[in-house]
Amino acid sequence: MGERSAVVEGVRAYGLIAGMWVRAGMTYRASFVATLVGNLVMTGMDFVGILLMFSQVDSLGGWSLPEVALLYGLSVTSFGIADLLLGSMDVLGARMRDGSFDTLLVRPVPVLAQVGADRFALRRLGRVVQGSVVLGWALVAVEADWSVSKVLLVPVMVLSGAAIFSAVFVAGAAFQIFAQDAAEVQNAFTYGGTTLLQYPPSVFGKDLVRGATFVLPLAFVNWVPAAHILGRPYPVGLPSWAAFVSPLVAVVCCALAALAWRVGLRSYRSTGS
Amino acid sequence: MGSARLYLAVAVGGFRRYASYRAATAAGVFTNTVFGLILVYTYLALWEERPGLGGYDQAQAVTYVWLGQCLYATLAIQGGGAEKDLMGRIRTGEIAVDLYRPVDLQLWWLAGDLGRALFQMLGRGVVPFLFGWLFFPMALPSEVSVWGAFTVALLLAAVVSFAIRYLAALCAFWLMDGMGISQVVMITGVFFSGMVLPLNAFPGVYGDVVRVLPWAAQIQVPADVLMGETEPWGAFAFQAAWAVALLALGRLVQSAATRRVVVQGG
């Protein structure tokens with residue numbers, strides 16, 4: 001089986017498993033609708049928090065409400081896509097503890113596809129929808145000097161951002177293989193990461209921004225490209241072309257995450273219970 | 001006296017059960033610290049723009065953030081305490097066994113949840129709080145009496161938190177699937193407890209309403225007691241009134257629920 005067919009196989013398996021979970025979720029239809037709505041409200045809550053803040057002030061860290069909403073919409077939409085695709089990765093620890101992870105290893109299907117699609121939940125669309133609505137409003141409301149390249153940059157940002165967050169999810173899953181019940185560390189980088197990006201970089205300490213640019217390059221999800229769209233200075237004085245390197249950053253992140261996942265899988269020892 | 005010993009044993013059990021998840025606890029400490037950092041910076045930017053917002057100065061706003069991180073798991077603000085197990089037992093039918101025990105169902109679960117809360121505070125709450133105290137200017141009292149009053153407020157907060165979640169869990173008798181209820185617990189908990197923003201910084205009538213709801217007893221009231229923003233006895237009365245009302249309502253719903261209990265699984 002070549003590398004290419006492994007990928008095709010993985011995507012196909014992912015689709016089948018995800019489809020199964022969607023049907024399972026639909027068994028309790030009222031509950032599904034409730035959780036979808038709940039998801040919308042829940043993810044919208046931090047935006048309500050931002051609105052509450054702006055009911056008291058005109059700007060935060062020197063950024064206006066539409067500008068912060070742009071950061072928010074970009075961060076939440078791209079995170080939402082990654083979360084929809086791979087957000088169930090945190091059950092990995094539980095699966096290793098109860099031994100059912102071993103079952104996934106012996107199936108003739110890529111393990112990453114099985115883990116990624118595990119407990120696939122369509123209700124997570126709530127976050128994507130909510131993020132897109134805020135993003136749509138922000139794109140209309142911000143005062144930006146729109147050009148073709150800036151318009152094209154928006155979908156590039158969302159997709160690259162989704163890929164960067166996906167890489168964080170996969171790397172987190174690899175980490176869980178080593179630290180079996182420390183799933184919550186992953187939350188600091190996934191949920192913490194998207195929360196960080198909802199606010200302007202000017203709010204945070206220099207070291208935190210540097211860390212989010214060079215160590216875990218979350219800044220390329222929205223801070224840097226959005227600064228270009230809004231004509232604001234880039235965080236940590238990056239050069240002007242930095243706004244366009246998000247896809248490259250995403251590719252590198254995904255490659256590193258895939259490597260971490262392979263190393264993790266190879267060093268996996270079953271609990272043996 | 002014998003029954004007091006029993007409930008103490010249940011509480012110790014709750015404490016020890018959570019104490020066995022060591023890596024998870026360490027992970028929680030890390031995550032709460034990261035979130036605390038993000039929140040502290042946003043609050044500082046907000047209070048920079050509006051000094052004295054909600055009657056707090058910057059040091060008080062910072063204190064509020066780290067206290068929130070300390071109490072987040074302690075009070076199971078977004079759920080995940082005793083009510084999760086209770087809902088599970090209702091769904092699987094194991095609740096029938098609990099009902100046959102010669103103990104008070106509500107007190108049994110309260111004791112277990114208080115044990116859990118104590119562990120979560122010592123295990124994952126204190127460290128982020130100390131981290132905040134080391135690296136940011138905080139507004140902490142030096143009088144022992146204030147810390148004493150704060151401890152009472154915390155205990156009452158834990159009871160109110162349990163009473164809300166117990167009520168939510170009982171809904172599972174009618175709905176079976178606990179997912180929707182868990183989400184309601186999460187949303188109301190995070191928003192009305194003041195995890196998103198201190199309740200005294202909520203504007204207008206909206207702010208007046210959220211400050212009298214039971215969720216205010218969980219973070220806002222203990223924070224104000226600690227920072228001397230409210231008179232302790234009035235704060236205790238507010239918390240105790242909600243605790244009694246919600247526990248009583250819980251008993252009422254419980255008796256209605258157990259009359260119609262249907263044990264699943266044959």
Side-chain angles (χ1 to χ4, degrees), chain A residues 25 27-28 30-39 41-63 93 121 123 175-176 178-193 195-205 208-209, chain B residues 20-51 53-54 73 78 124 135-136 175-192 194-199 201-204 206-207 210:
Chain A
T27 315
Y28 300 102
S31 191
F32 168 75
V33 174
T35 51
L36 179 68
V37 174
N39 223 262
V41 178
M42 198 162 61
T43 58
M45 221 156 39
D46 30 83
F47 190 65
V48 177
I50 290 175
L51 288 177
L52 279 174
M53 289 183 182
F54 274 93
S55 74
Q56 308 280 12
V57 297
D58 295 324
S59 71
L60 198 65
W63 292 53
R123 63 166 186 281
F175 171 75
Q176 279 191 63
F178 295 104
Q180 305 209 339
D181 60 344
E184 223 181 307
V185 167
Q186 192 172 350
N187 292 353
F189 296 103
T190 51
Y191 290 95
T195 309
L196 182 77
L197 295 178
Q198 291 167 11
Y199 297 96
S202 57
V203 162
F204 300 103
L208 195 56
V209 176
Chain B
S20 61
Y21 300 121
R22 288 204 200 122
T25 303
V29 166
F30 178 73
T31 305
N32 284 120
T33 309
V34 169
F35 270 94
L37 268 175
I38 296 171
L39 273 179
V40 155
Y41 283 117
T42 56
Y43 280 23
L44 284 174
L46 186 65
W47 261 263
E48 178 91 8
E49 210 81 40
R50 263 291 295 277
L53 175 62
Q78 63 159 22
R124 68 163 73 180
F135 292 99
F136 295 90
L175 298 170
M176 289 304 157
D177 182 48
M179 211 138 166
I181 315 157
S182 297
Q183 244 168 0
V184 173
V185 167
M186 190 183 271
I187 292 162
T188 49
V190 171
F191 203 66
F192 296 136
M195 277 307 290
V196 179
L197 200 65
L199 299 179
F202 278 44
Y206 193 45
V210 291

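In what follows, chains carry the letters A, B, and so on, assigned in the order in which the sequence lines appear, proteins first and then strands, with residues in each chain numbered from 1.
The heavy-atom pair separating Ala188(A) from Phe30(B) by the smallest distance is CB-CE2, 3.7 Å. In plain terms, the two heavy atoms of Pro203(B) and Leu52(A) that are nearest each other are CD-CD2, 3.4 Å. Considering every non-hydrogen atom in both Asn187(A) and Phe35(B), the closest pair reads O-CE1, 4.0 Å.
With a 4.5 Å cut-off on side-chain heavy atoms, Val34(B) and Tyr191(A) do not count as touching. Residues Met53(A) and Tyr43(B) form a side-chain contact, since some pair of their non-hydrogen atoms from C-beta on lies under 4.5 Å apart. Contact check for Glu184(A) versus Arg124(B): side-chain heavy atoms found under the 4.5 Å cut-off.
Separation of atoms CG (Leu197(A)) and CD1 (Ile38(B)) is listed at 8.5 Å; rounding is to 0.5 Å. Between Arg50(B) atom CZ and Leu60(A) atom CG the span is 13.0 Å, to the nearest 0.5 Å. Interatomic distance, Leu37(B) CG to Leu196(A) CG, rounded to the nearest 0.5 Å: 10.0 Å. Within the model, atoms CG of Asp46(A) and CE of Met195(B) stand 12.0 Å from one another, a figure rounded to the nearest 0.5 Å.
In this structure, no portion of Phe32(A) lies under 4.5 Å from any heavy atom of chain B. Both the backbone and the side chain of Leu46(B) come within less than 4.5 Å of a heavy atom of chain A. Contacts between Ile187(B) and chain A at a heavy-atom distance below 4.5 Å involve backbone atoms as well as side-chain atoms. At a 4.5 Å heavy-atom cutoff, the contact between Phe204(A) and chain B is made by backbone and side-chain atoms alike. Contact of Leu208(A) with chain B is made through the side chain alone, with heavy-atom distances under 4.5 Å. For Ser59(A), the parts sitting under 4.5 Å from any heavy atom of chain B are the backbone and the side chain alike. If you measure heavy-atom distances from Tyr21(B) to chain A, the contacts under 4.5 Å come from both the backbone and the side chain.
The most heavy-atom pairs under 4.5 Å with chain A, out of Val40(B), Val196(B), Thr42(B), come from Thr42(B). Ranked by heavy-atom pairs under 4.5 Å with chain B, the list Gln186(A), Arg123(A), Met45(A) is led by Met45(A). Looking only at heavy-atom pairs under 4.5 Å with chain B, the residue among Asp58(A), Val57(A), Val41(A) that has the most is Val57(A).
Under the 3.5 Å distance criterion, the side-chain polar atoms of Gln56(A) are matched with a main-chain donor or acceptor of Ala201(B).
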